[in-house]
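A quick write-up on the structure given underneath.
Quick caveat: nothing in here was measured; it's all calculated off a predicted structure.
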Amino acid sequence: MAVKKTSVKDLATKAAAAKVAAEEKKDEVVKAVKTVAKKAETKVAEKKAPAKKAPAKKAEEVKAEVKAEVKTEAKKAEAKAPAKKAPAKKAVAKKAEEVKAEVKEVVKKVEEKVAEKKAPAKKAASTKVKEAFFIQYQGKDFTSDEIVAKAVEASGKKTIKDLNVYYQPEFGKVYFTADDIKGEFDL
């Protein structure tokens, strides 16, 4: 058998070709990840519109979908461009790790957007209603706030943890207990 001699030039051209192939594969993987990220963003946008009618998917479900799509896109990219040499595989593996990190960042951004859209709905539910309670009896007119303020003043304490106020309009009397202190006053 004859042994084929390879020159340094031949090795350099082969290495350059392997490098170019690795760059092409890297570009395919990056494109695949970007398309998956765009799909995830469009899914989030699609979820925003029907959110008023039905509850949107949780961020965890969207994250799982994105991860599954990234894996399938990565497998497709690997199937399209078969690896020529081991060093190219290592470079692609490093790039894949970088792409995974980018995907994680995109997923975090998507989760933040979903959380931002959900937050206003919670705030709207916690609106406070302005209340006014008036007591009118035999030509006299009082508000519940006035009666409570007088009870606090009559107790003589600056801070009260538990206050119970009872008003008997037929007698014009207010009875109260403020932290186990009992008292009464006339209105």
Side-chain angles (χ1 to χ4, degrees), residues 29-76 96-187:
V29 169
V30 169
K31 286 179 184 177
V33 168
K34 286 182 181 179
T35 57
V36 168
K38 285 182 183 178
K39 286 180 184 177
E41 287 177 1
T42 55
K43 281 185 181 180
V44 168
E46 290 172 0
K47 303 283 187 222
K48 289 178 188 175
K52 295 177 183 175
K53 296 177 183 175
K57 286 186 179 179
K58 293 181 179 178
E60 298 298 326
E61 293 174 353
V62 172
K63 186 176 179 181
E65 289 178 6
V66 169
K67 283 185 179 181
E69 288 180 14
V70 167
K71 286 179 183 177
T72 57
E73 290 295 329
K75 287 179 182 177
K76 287 179 183 177
E97 290 299 322
E98 292 173 6
V99 169
K100 285 181 182 178
E102 289 177 12
V103 168
K104 286 181 182 179
E105 290 174 13
V106 169
V107 168
K108 285 181 183 179
K109 289 179 182 178
V110 169
E111 288 175 348
E112 289 172 359
K113 287 181 182 178
V114 168
E116 288 174 1
K117 296 299 176 183
K118 288 182 180 179
K122 291 180 182 177
K123 289 181 182 178
S126 66
T127 57
K128 194 169 185 176
V129 176
K130 183 179 176 184
E131 297 176 1
F133 183 73
F134 295 96
I135 301 167
Q136 294 179 338
Y137 186 76
Q138 293 182 348
K140 295 181 181 179
D141 189 20
F142 301 102
T143 63
S144 61
D145 294 334
E146 290 173 351
I147 295 172
V148 169
K150 286 183 181 180
V152 169
E153 183 181 315
S155 71
K157 291 183 126 188
K158 291 182 180 179
T159 58
I160 298 173
K161 293 180 183 176
D162 186 29
L163 177 68
N164 297 311
V165 180
Y166 306 94
Y167 176 54
Q168 288 187 335
E170 5 1 285
F171 303 113
K173 288 264 190 194
V174 176
Y175 301 94
F176 66 90
T177 58
D179 294 334
D180 298 327
I181 297 174
K182 297 179 181 178
E184 64 181 64
F185 60 90
D186 292 326
L187 273 181

Legend entry - Glu98: partners by side chain to side chain donor-acceptor pair (under 3.5 Å), with sequence neighbours left out: Lys95
Legend entry - Residues forming a side chain to side chain donor-acceptor pair (under 3.5 Å) with Thr143, sequence neighbours excluded: none
How would you list, by chain and number, every residue that makes a side chain to side chain contact (heavy atoms under 4.5 Å, CB included) with [X], sequence neighbours excluded?
X      : answer
Ala154 : Phe176, Phe185
Asp179 : Lys157, Ile160, Lys161, Asp162
Asp180 : none
Tyr175 : Tyr166, Gln168, Lys173, Glu184

Inset, instruction - Evaluate the side-chain proximity of Glu146 to Leu187: yes if any heavy-atom separation is below 4.5 Å, no if none is. - result: no
If I take atom [atom1] from residue [X] and atom [atom2] from residue [Y], how far apart are they, to the nearest 0.5 angstrom?
X      : Y      : atom1 : atom2 : result
Phe142 : Lys140 : CZ    : NZ    : 5.5 Å
Glu170 : Gln138 : CD    : CD    : 9.0 Å
Glu105 : Lys108 : CD    : NZ    : 7.5 Å

